[in-house]
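See below for the structure under consideration.
Since the model is a prediction, treat every value here as computed from it, not as a measurement. If you read the sequence from its start, that first residue is 1, and numbering goes on from there.
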Amino acid sequence: MAPAVQRESSRRAALAAIDATLVLRIGLAVLFTANALVAWIDPDDFTSLLDESGMGRLIDSQVVLWGIRVNDFAAALAVLFAWTRFPRLVPAWIGLYLLGVGVIKVAALI
């Protein structure tokens with residue numbers, strides 16, 4: 001086989017080894033970890049968002065804040081380590097959580 005063909009074949013094999021789902025999982029884990037850290041470092045961002053969305057009237061902002069802190073760390077760990085063990089549960093959990101966040105953010109805009 002010609003060297004150029006071998007290089008191209010090696011390059012394709014390396015690209016095939018990169019799993020798109022793994023990249024997504026790592027990205028989500030970083031996102032959830034950063035969000036959990038922000039909830040610890042600057043909780044006013046979250047409590048003000050909850051108050052603006054009207055959720056602060058339904059449930060205490062401090063309870064939601066603790067839920068965000070715990071859930072986001074747990075979600076980051078689940079995305080990294082439990083995705084293949086619970087292939088339906090973890091993506092559903094993450095999807096529902098992101099849906100809830102989106103609803104709260106849109107409600108805060110209104």
Side-chain angles (χ1 to χ4, degrees):
M1 206 183 294
V5 174
Q6 283 180 331
R7 279 192 304 260
E8 180 64 25
S9 177
S10 295
R11 188 174 76 73
R12 285 185 185 183
L15 288 175
I18 298 173
D19 182 11
T21 304
L22 179 62
V23 174
L24 173 67
R25 289 170 50 201
I26 291 169
L28 284 171
V30 170
L31 178 71
F32 279 113
T33 302
N35 203 49
L37 290 173
V38 170
W40 281 102
I41 295 167
D42 190 12
D44 293 338
D45 280 353
F46 294 96
T47 54
S48 64
L49 180 66
L50 289 168
D51 292 338
E52 291 171 12
S53 70
M55 288 296 295
R57 286 181 264 138
L58 298 174
I59 187 167
D60 183 29
S61 297
Q62 292 301 313
V63 172
V64 176
L65 184 62
W66 274 99
I68 291 168
R69 291 170 176 162
V70 171
N71 181 75
D72 284 12
F73 275 128
L77 293 174
V79 164
L80 287 177
F81 302 114
W83 189 282
T84 54
R85 185 169 182 171
F86 303 104
R88 299 184 80 174
L89 176 67
V90 174
W93 168 20
I94 301 304
L96 286 172
Y97 183 69
L98 291 175
L99 176 66
V101 170
V103 167
I104 289 172
K105 287 190 175 206
V106 167
L109 292 173
I110 298 174

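T33 contributes atom OG1, which lies 8.5 Å from atom CG of D72 (distance to the nearest 0.5 angstrom). Here the CD1-CZ distance, from I68 to F73, works out to 12.5 Å after rounding to the nearest 0.5 Å. Between L109 atom CG and I104 atom CD1 the span is 12.5 Å, to the nearest 0.5 Å. To the nearest 0.5 Å, atoms OG1 (T21) and CD1 (I26) are separated by 11.0 Å.
Hydrophobic clustering, with ILVMFWY side chains joined whenever heavy atoms are under 4.5 angstrom apart, groups V64 together with V101. No continuous path of hydrophobic side-chain contacts links V70 to L77 [ILVMFWY only; heavy atoms under 4.5 Å]. Linking Ile, Leu, Val, Met, Phe, Trp and Tyr residues whenever their side-chain heavy atoms come within less than 4.5 Å leaves V30 and I41 in two separate clusters. Both F86 and L28 belong to a common hydrophobic cluster when Ile, Leu, Val, Met, Phe, Trp and Tyr are linked at side-chain heavy-atom distances under 4.5 angstrom. L80 and W83 end up in different hydrophobic clusters when Ile, Leu, Val, Met, Phe, Trp and Tyr side chains are linked at under 4.5 Å.
Qualifying ring-ring contact (aromatic ring centres under 6.0 Å, His included) partners for Y97, counting only residues two or more places apart in sequence or in other chains: F32. Residues passing the side-chain contact (heavy atoms from CB on, under 4.5 Å) test with T84 are R25, sequence neighbours excluded. Considering only residues two or more places apart in sequence or on other chains, V63 meets the side-chain contact (heavy atoms from CB on, under 4.5 Å) condition with I59, D60.
Closest approach of P43 to A39, counting heavy atoms only: CB-O, 3.5 Å.
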Please report, to 0.1 Å, the donor-acceptor pairs under 3.5 Å made by any side chain of residues 87-95, with sequence neighbours excluded.
from : atom 1 : to  : atom 2 : distance (Å)
W93  : NE1    : N71 : OD1    : 3.0

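The hydrophobic cluster containing V106, built from Ile/Leu/Val/Met/Phe/Trp/Tyr side-chain heavy atoms closer than 4.5 Å, also comprises I110.
Side-chain contact between R69 and L65 is present, with heavy atoms from C-beta onward closer than 4.5 Å.
Sequence neighbours left out, the pairs with a member in residues 37-59 that pass side-chain hydrogen bond (donor to acceptor under 3.5 Å, both in side chains) are D51-S61.
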